[in-house]
Amino acid sequence: MQNLFKEVKIKLQQALHDAFNLDVGIDQIEVQKTSHQKFGHLQTNVSLKLSKQLRLPPPKIGQVLTDYLSKDNTFSKVEIAGPGFINFFIHPEFFNSTLNQLKDDPYLGVNVMPSHPHVVVDYSSPNVAKEMHVGHLRSTIIGDAICRFLTFVGWDVIRQNHIGDWGTQFGMLIEYIIQNELDIKNENITKCYQQAKKMFDEDTEFAKKAKERVVMLQQHDEKTHSIWEKLVAQSEQHFTEVYEQLDVLLGEADVRPESFYNPKLQPLIDYLQKENISSIDQGAKVIFLDGFKDKDNHPLPMLIQKSDGGFLYATTDLAAIQFRIETLKAKRVVYCVDARQQQHFDMLFAAANKIGWCDESIDLNYALFGTILGDDGKPFKTRSGDTVKLLPLISKAIEKATTIVSTKNPSWDQQRVNETARTLAVASLKYSDLCNDKIKNYAFSYEKMLSFDGNTAPYLLNAYVRVQSLLRKANISMDQALDYTLNITEQNEIQLAYHLVLFSYEVETISTSLELHRMCHYLYQLASLFHHFYEHQPILRAETNEQKESRLCLVGISSKILAQGLNLLGIKTLDHM
RNA sequence: GCGUCCGUAGCUCAGCUGGAUAGAGCAACAGCCUUCUAAGCUGUGGGUCGCAGGUUCGAAUCCUGCCGGACGUGCCA
């Protein structure tokens with residue numbers, strides 16, 4: 001099924017050919033939504049664009065095209081307007097037939113890729129021996145939604161959780177644990193880590209031992225390695241708990257930690273040296289890349305091995321990108337990372353190109369996001385200035401949602417309240433993060449995200465709940481509603497139907513651009529149009545049975561698309577609230 | 001200094017590859033529940049799109065230069 005824009009473009013292409021003997025590429029024809037209902041549904045500016053080429057004034061071109069296209073029964077009206085726009089009014093019959101087809105399509109009109117190329121999505125990436133905190137929230141939520149979109153349109157998605165489980169910090173932590181004879185099962189590892197860090201900075205003797213411990217870890221010293229393994233296992237348990245709480249897809253199979261790449265680093269460095277891709281500068285091994293400058297305007301290289309022989313995060317990222325391209329056969333790689341890392345990844349991609357791992361057919365990209373801010377406009381912290389841990393943050397959202405749900409439904413038992421509140425809280429956390437352009441910083445607020453007014457998860461879920469309630473009252477399932485024949489006639493039915501037809505276009509656009517907030521705005525608009533329709537058209541009390549069935553069908557399609565859209569964002573729906 | 005990103009209503013934000021009179025929500029005010037969940041709907045007020053040029057039939061959008069803010073800028077990640 002073509003999306004509506006493309007369908008109209010093809011018609012225009014044909015019209016230009018027939019009327020002016022002019023062949024124009026489909027990509028050069030612009031068709032867009034009108035800015036105003038009174039201008040119809042779609043408009044094109046081709047007559048303005050082609051005026052010079054055809055050596056005719058825009059209104060003249062517009063008139064010819066309008067006469068030609070008026071015969072097409074897709075449109076109820078085609079008119080020229082303003083300086084030469086052509087406005088298209090779509091015939092309700094078109095919406096009826098399109099939606100009657102779409103309702104049985106599991107992909108809801110979305111064009112699914114015929115082949116299933118591999119895409120690697122790198123996201124979440126917490127660190128072992130540290131609790132997950134607010135800094136991991138956006139990567140986890142955004143990455144999860146991206147995976148869901150890409151899977152839906154046909155990519156073979158390979159999730160990669162690049163866990164930080166290696167490096168000097170483990171030397172000091174393990175040394176601290178051994179010296180104090182601690183059993184890590186009974187310890188707060190975050191506190192141990194802070195203590196170890198403090199000693200490392202203050203006590204030179206301890207620092208020396210910690211550095212020796214790093215070497216022992218790398219050499220697989222049995223005692224050292226077994227403590228490390230326990231630390232990793234304990235942390236992974238914590239990560240799993242967070243992922244379950246957030247309903248994200250990440251599991252143990254998606255973990256590919258830094259330590260996995262460790263054996264590959266020295267051979268990689270040797271290879272790059274041998275091939276003269278890297279060089280030695282100021283005692284360190286580096287790759288010089290065009291276009292990167294330091295603060296003195298000198299060439300800024302990517303540092304891949306320190307002068308003491310140690311590796312850096314660029315080294316591991318380099319090994320990882322090679323693995324993803326060569327072993328995982330990725331045709332596309334998406335890094336869901338903080339915008340502050342942009343330059344690092346620009347260098348990484350440039351290096352991958354320079355080394356020759358990828359050609360133009362491989363799309364290396366990032367989904368950059370801004371910082372979560374508190375009420376004060378500064379990075380979100382606790383009152384005492386500490387980083388906000390994820391589990392308490394989720395708990396607090398659930399707690400606030402519980403109050404809201406139990407107030408509204410005093411007769412519900414505790415379990416029902418808890419389950420509903422959990423879904424509502426997680427939906428709110430995710431939606432408030434996803435609904436703004438991700439490159440921008442955003443202000444975190446429990447009150448706003450849990451509000452039923454405006455562009456929020458509760459508002460959308462409520463629209464869905466009203467639909468479910470309606471279907472219960474009609475005593476039919478959603479599938480039964482979809483079996484009815486759609487036959488819309490009223491203005492607010494047409495507005496809603498028009499919006500529903502555009503779902504496929506939105507999904508396809510987002511799968512390329514990764515502008516997840518577009519889906520939020522699409523769904524918000526869908527919910528508004530639905531509420532509008534619901535308030536103004538009787539459904540169960542429609543005048544005729546045919547009208548009632550048509551409206552139930554429209555309700556069914558609306559709810560199906562609403563649920564699918566939310567699902568792509570990683571948000572679960574509710575039947576009652 | 002250089003680089004990246006951001007600047008749209010009092011507040012939080014949309015505005016896609018340039019298109020007609022720049023849109024939502026919150027907050028403020030005024031209406032609508034014997035009638036499908038009023039956690040909803042309807043209406044009113046509120047703007048030199050940071051500033052100045054340029055390109056264009058046409059600029060919030062593209063280009064250049066400023067102003068303001070955030071971040072980055074070789075041995076942390």
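The sequence lines fix the lettering, A, B, ..., with proteins before strands; numbering per chain opens at 1. The figures here come from the full heavy-atom set of this structure, side chains too, leaving out hydrogens, waters and symmetry mates.
- Stacking of the aromatic ring of A:Y524 onto the base of B:rA24 is not found under the criterion of centres within 5.5 Å and planes under 30°.
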Scoring nucleotides 4-9 of chain B by protein non-hydrogen atoms under 4.0 Å (B base, S sugar-phosphate only, - none) yields SSSS--
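- At the heavy-atom level, A:R541 lies under 4.0 Å from the strands shown only through sugar-phosphate atoms.
- Partner of A:H162 under the ring pair (Phe, Tyr, Trp, His ring centres under 6.0 Å) criterion, out of A:Y261, A:Y335, A:Y123: A:Y261 alone.
- When heavy atoms are screened at a 4.0 angstrom cut-off, A:F39 is found touching base atoms of the nucleic acid.
- Residue A:E515 is out of contact with every strand shown, counting any heavy-atom pair closer than 4.0 Å.
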A correct dot-bracket answer for RNA chain B, with pairs being Watson-Crick or G-U at under 3.5 Å, [ ] for crossing pairs and | for inter-strand pairs, is (((((((..((((.....[...)))).(((((.......))))).....(((((..]....))))))))))))....
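- As judged by a 4.0 angstrom heavy-atom cut-off over every strand, A:N87 is placed among the base-contacting residues.
- When each of B:rU37, B:rG19, B:rC41 is scored by its nearest atom to the side-chain atoms of A:H531, the top-ranked nucleotide is B:rC41.
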Grab the N/O contacts between the protein and nucleotides 74-77 of chain B below 3.5 Å, and write none if there aren't any.
unit_1	atom_1	unit_2	atom_2	d
B:rG74	O6	A:D281	OD2	3.1
B:rG74	O6	A:Q282	NE2	2.6
B:rG74	N1	A:D281	OD2	2.5
B:rG74	N2	A:D281	O	3.4
B:rC75	O2	A:S307	N	2.9
B:rC75	O2	A:S307	OG	3.4
B:rC75	N4	A:Q282	O	2.6
B:rC76	OP2	A:K306	NZ	2.9
B:rA77	N6	A:Y313	OH	2.5
B:rA77	N1	A:Y313	OH	3.3

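- In this model, no side-chain donor or acceptor of A:Q525 finds a partner on the base of B:rA24 within 3.5 Å.
- Using a 4.0 Å heavy-atom cutoff across all strands shown, A:M302 reaches no nucleic acid atom at all.
- Nucleic acid contact for A:N436: sugar-phosphate only, since backbone atoms but no base atoms lie under 4.0 Å from a heavy atom of the residue.
- Around atom CG of A:D308, more than 12 heavy atoms belonging to other residues, nucleotides or ligands sit under 6.0 Å away.
- Proximity of A:H517 to the phosphate of B:rC13: no side-chain N or O atom is located under 4.0 Å from OP1 or OP2.
- Residue-level contact check: A:Y505 touches the bases, meaning some heavy atom is under 4.0 Å from a base atom.
- Taking only distance into account, the side chain of A:N297 never meets the base of B:rG1 through a donor-acceptor pair shorter than 3.5 Å.
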